[in-house]
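Accompanying notes for the structure given below.
Computed from heavy atoms alone, side chains included, the values below leave out hydrogens, waters and symmetry copies.
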Amino acid sequence: MQFSKLFIPTLKESPADAEVISHKLMVRAGMIRQLASGIYSILPLGLRVLRKVEQIIREEMNQIDGQEVFLPSIQPAELWIESKRWDFYGKELLRIKDRHGREFCYGPTHEEVITDIVRKEVRSYRQLPILLYQIQTKFRDEVRPRFGIMRGREFMMKDAYSFHADEKDTQHTYSQMAEAYGNIFKRCGLDFKQVQADSGTIGGSFSHEFAVLADSGEDEIGFCDSCGYASNLELAGSKPPSPSTPPATLQELKEVETPGKKSVEDIAGFLNLPARQIVKTILLENENGLVAGLVRGDHEINTIKMRNLIGCEWLQAAGEEAIAKHPGLHCGYVGPVGLDLPVYADNEISALHDFVTGANKPSAHLTGVQVKRDLKIKQFGDLRTVKANDPCPHCEGGRYQVKRGIEVGHIFILGTKYSSAMKAVYLDQQGKENAMVMGCYGIGVGRTAAAAIEQNHDDRGIVWPRNLAPFQVIVIPVNYSDEESKAACDTIYDRLRELGIETLLDDRSDRLGPKLKDADLIGIPLQIIVGPKNLAVGQVEIKIRKTNESDLRPYPRVIEDIPNILKDL
RNA sequence: CGGGACGUAGCGCAGCCUGGUUAGCGUACCUGACUGGGGGUCAGGGGGUCGGAGGUUCAAAUCCUCUCGUCCCGACCA
């Protein structure tokens, strides 16, 4: 393409409303423009990059026998009512009505639609498994969209769904999918980790997330520096405590006055004890009412782990209202002794002796508390969020590291959640009817491109990984009105295109400076700079965007070397 | 949903507190000339319902009320 004919509105300055680097650079490089909060237009240069990501995804999906489909973005409410998600999905689901007043939603995901298709067409185990995918625009009415295309409301997503006769076959596809995802993100030039994850509102039993490591990421990833275990921090397992030997004599339960000492820090300071000798009692609320969670004072409770332990639908910090309704709860002085609520305790609590808790009366705490003697624990479990340097639960001596990550892909084994609700069944060899077992697998296309920028940029702009670059080569004449320069540029440009290399020719009448700035900004991996002085001695300059290294090569011989130079980038 | 900030030319901003010529700066844009190896120089030029509505006032970008939009922090969330 000739630069003068391409719509690439680059900007010198960053837009005022952009915060993260990928957002700033995508706007500056003329890839995207905002239309409304979380809604973006994709401009030619941006689309070229998204298409690259899509193509890589298609190739890897087809490789594992995925078949591409294209499903409607507007979906009737009935399907969502059937899966129970019309209510459950909440405000994030954009609901719309047609002229007859019939209810629809703009699809945030497509489990319902795909399950509806498959249940209508598939009858026999002989037709299974089946793996379908699409690349399509989704809409989720996020509370707070942010970071440009990284967390938009409308966004491009690859979603795949698989249907199986049994769990084992599902797992087979799941691991193939995990491998395909690995290939995709590798080909996109990303530094990522496959981590264990919670399955959230999608439901299901088993799930991994593909996280691109970057400081701007919204997820926290815990991974072991020794055995390679990696998990979203919301799920990362902690090592159970080694059994502790109790002191020879256990303290008696004793009430102490602690007026105004509500936080762990206050009490630790007041009683001159380490925070680990204090037990926090956290009040939470689920569909069945209030529950209490116990963690050590130096730990943080993890509501996702606790929700999974209890096996409830949802779990969140108890509201003031719910607390007020329950007599005997005093904020800052709540404790498990004699507490008339289901109490769940973190494993670490079992190793404690002589600890401190709230006394369930204003301005008082209890010391000398013992688990066995004083507490009624409904269930012990892993309830705390791990921290950097905590021991790894899966190996000896390994320690957790914690880094931030961008979730670019997520794979789930759904089980029969949707197939049961929507009666997607097949007949097995015995002629018996069974619910199909499902998996679902998503990749944020735009988010992947944005993540690539987060990991590949410098102070001059984007440094595209070769496979995502909108063009591989940009030919930059110092002065395109110089006839010999023009002739050389045109020759290089034509020949590279014959070689199948996507090439951009900067035929604009600007001086060299702005052209170089733009080339750096939009991140084309290889720049060929053609000027009269070098050309007079039969040379052109080859410059690598990433390293900023340049050297002079003989013209026109260099043209035939370009494919090899590109291979090494 | 709670807290905070902002809205003035395509983009980035000043002016507002303390109301008063024709609303300004940088950049981008148009014309011409020069220039030609990292956003060049000179000259001339076009572009604004000061987010919107209402109010106060002789007079509102500026003060007041409402409203819409956008961003940030938190909660929430693939």
Side-chain angles (χ1 to χ4, degrees), chain A residues 9-20 23-24 27-28 30 33-39 85 88-93 107-111 138-148 150-153 155-159 197-204 207-211 218-219 232 234 303-304 314-317 319-320 405-412 414 440-448 460-461 476-482 485 506 508-521 527 529-536 539-541 543 548 550 552:
Chain A
T10 58
L11 299 175
K12 265 188 184 178
E13 288 172 289
S14 289
D17 53 10
E19 190 71 11
V20 297
H23 186 193
K24 287 180 184 171
V27 175
R28 283 192 56 204
R33 285 294 184 268
Q34 186 181 51
L35 182 63
S37 179
I39 300 178
R85 287 209 293 182
F88 198 71
Y89 213 93
K91 289 188 185 161
E92 221 172 275
L93 187 64
T109 169
H110 281 69
E111 281 83 5
K138 304 278 189 265
F139 195 96
R140 297 185 188 175
D141 203 355
E142 294 272 354
V143 200
R144 180 145 105 83
R146 58 186 124 176
F147 303 155
M150 203 127 87
R151 182 169 212 77
R153 290 191 294 170
F155 59 99
M156 196 77 84
M157 174 170 163
K158 187 279 306 184
D159 46 325
D198 187 57
S199 47
T201 48
I202 295 270
S207 164
H208 284 89
E209 186 174 296
F210 289 77
E218 297 184 86
D219 285 351
N232 192 309
E234 67 189 16
T303 53
I304 290 174
W314 53 274
L315 184 71
Q316 60 185 33
E320 281 179 30
I406 301 163
E407 178 192 355
V408 290
H410 204 152
I411 59 179
F412 302 84
L414 291 175
C440 83
Y441 321 90
I443 292 179
V445 176
R447 192 181 274 190
T448 299
R460 288 174 295 137
I476 306 171
V478 169
N479 182 352
Y480 197 58
S481 53
D482 174 69
S485 299
D506 198 341
R508 297 176 298 177
S509 59
D510 294 72
R511 295 160 67 99
L512 181 64
K515 291 196 243 187
L516 289 173
K517 291 284 184 199
D518 274 348
D520 286 346
L521 176 63
Q527 303 173 355
I529 302 161
V530 180
K533 287 175 199 161
N534 288 330
L535 208 51
Q539 290 183 317
V540 293
E541 182 182 340
K543 188 156 136 192
N548 210 25
S550 71
L552 295 172

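- Of the P atoms belonging to B:A59 and B:A75, the separation is 50 Å, rounded to the nearest Å.
- Between the CG atom of A:D520 and the P atom of B:G39 there is a distance of 12 Å, given to the nearest Å.
- Contact annotation for A:D482: no contact, since no heavy-atom pair falls under 4.0 Å across all strands.
- You'll find the ring centres of A:F210 and A:H208 outside the 6.0 Å limit.
- Counting to the nearest Å, the P atom of B:A78 and the CE atom of A:M150 are 17 Å from each other.
- Taking atom CG of A:L521 as the reference point, atom P of B:C11 lies 17 Å away to the nearest angstrom.
- Between the CD atom in A:Q527 and the CG atom in A:L516 there is a gap of 6.0 Å [rounded to 0.5 Å].
- What separates CG of A:L512 from P of B:G40 is a distance of 12 Å, to the nearest Å.
- In this structure, OH on A:Y441 lies 7.5 Å from CG on A:L414, to the nearest 0.5 angstrom.
- A:I406 has its CD1 atom 18 Å from the P atom of B:A78, to the nearest Å.
- Comparing atom distances between the A:N479 side chain and each of B:G36, B:G26, B:A78 picks out B:G36 as nearest.
- For the P atoms, the distance linking B:U27 with B:C64 amounts to 35 Å, nearest Å.
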Per-nucleotide protein contact along nucleotides 70-75 of chain B, 5' to 3', at a 4.0 Å heavy-atom cut-off (B base, S sugar-phosphate only, - neither), is SSBBBB

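- For the P atoms, the distance linking B:C16 with B:G7 amounts to 13 Å, nearest Å.
- With no hydrogens or angles considered, a side-chain donor-acceptor pair links A:T10 and A:D518 at under 3.5 Å.
- Among the protein residues, A:P9 comes within range of no part of the nucleic acid, since none of its heavy atoms lies under 4.0 Å from any strand.
- A:T303 comes within 4.0 angstrom of nothing in the nucleic acid, heavy atoms only.
- Look at B:C50: it lacks any Watson-Crick or wobble partner with both distances under 3.5 angstrom.
- Residues that satisfy the salt bridge (charged side-chain N to carboxylate O under 4.0 Å, His left out) test with A:K24, not counting sequence neighbours, are absent from this structure.
- Rounded to whole Å, the separation between the P atoms of B:G48 and B:U8 comes to 15 Å.
- Relative to the side chain of A:E13, the nucleotides B:A78, B:U27, B:G12 differ in distance, and B:G12 lies closest.
- Comparing B:G3 with B:G46, their P atoms sit 48 Å apart, to the nearest whole Å.
- Across all strands shown, B:C6 pairs with B:G69; the Watson-Crick or G-U wobble distances both stay below 3.5 Å.
- In terms of position on RNA chain B, the residue among A:L516 and A:F155 whose nearest nucleotide sits closer to the 5' end is A:L516.
- In this structure, the CG atom of A:L11 is 15 Å from the P atom of B:A9, given to the nearest Å.
- In this structure, B:G20 and B:C58 make a Watson-Crick or G-U wobble pair, each of the two defining distances being under 3.5 angstrom.
- Rounding to the nearest 0.5 angstrom, the gap separating the CG atom in A:L535 from the CG atom in A:D482 is 7.5 Å.
- Distance check, rounded to the nearest 0.5 Å: CE of A:M150 to CD of A:E218 gives 7.0 Å.
- A:F412 places its CZ atom 8 Å from the P atom of B:A78, with the value rounded to the nearest Å.
- Nucleotides of RNA chain B nearest to A:G531 and A:E407 differ in position, and the one nearer the 5' end is that of A:G531.
- A:D141 has a carboxylate O that lies under 4.0 Å from a charged side-chain N of A:R153, or vice versa, which qualifies the two as a salt bridge.
- Of all nucleotides present, only B:G32 satisfies the Watson-Crick or G-U wobble test against B:C42, with each distance under 3.5 Å.
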